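On a predicted model such as this, the values are computed, not experimentally measured, just so you know. Quick note: numbers below take in every heavy atom, side chains included, and nothing from hydrogens, waters or symmetry partners.
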Amino acid sequence: MKASDTNKRSNDDLILEHEAKTVSGLLESKEKYRKIVNAGITRWVKDFQDGRIEVNTVDDLKKLIEIDLALQKHDF
């Protein structure tokens with residue numbers, strides 16, 4: 001095996017390792033954001049049921065749902 005082949009393989013391995021770490025970091029961030037969005041939705045529903053939020057603020061829930069759907073979009 002040539003030294004250039006070994007170097008290329010090492011570079012390819014380093015690139016793959018970097019890409020794997022990047023994807024892993026993105027997935028972790030996405031999971032954290034989804035938890036925040038879900039907590040927001042849960043709180044909104046509770047406040048709505050308790051009468052603290054009136055129907056004219058449905059736009060807040062719509063925004064949370066849109067964020068949640070956007071975060072889920074690439075799960076399939």
Arg52: what forms a salt bridge (charged side-chain N to carboxylate O under 4.0 Å, His left out) with it, not counting sequence neighbours? Asp47, Asp50
Side chain to side chain contact (heavy atoms under 4.5 Å, CB included) involving Ser24 - partner list, sequence neighbours excluded: Glu28
Using the test side chain to side chain contact (heavy atoms under 4.5 Å, CB included), find all partners of Ile67 that sit at least two apart in sequence or belong to another chain. Val37, Leu71
How many angstroms lie between atom CG of Leu26 and atom OH of Tyr33, to the nearest 0.5 angstrom? 9.5 Å
For Glu17, which residues count as a side chain to side chain donor-acceptor pair (under 3.5 Å) partner, sequence neighbours excluded? Lys21
Straight-line distance of Gln49 CD to Trp44 CH2, nearest 0.5 Å: 9.5 Å
Of the non-hydrogen atoms in Gln72 and Lys30, which two are nearest, and what is the gap between them? N-CE, 4.4 Å
Pairwise side-chain contact, Glu19 with Leu16, heavy-atom cut-off 4.5 Å (strictly under): yes
Atom pair CG/CG of Asp68 and Asn38 - distance to nearest 0.5 Å: 5.0 Å
Non-neighbouring partners of Glu31 that pass side chain to side chain contact (heavy atoms under 4.5 Å, CB included), sequence neighbours left out: Lys35
With Lys62 via side chain to side chain contact (heavy atoms under 4.5 Å, CB included) - residues at least two apart: Asp59, Glu66
d(Leu64 CG, Thr42 OG1) to nearest 0.5 Å is 10.0 Å
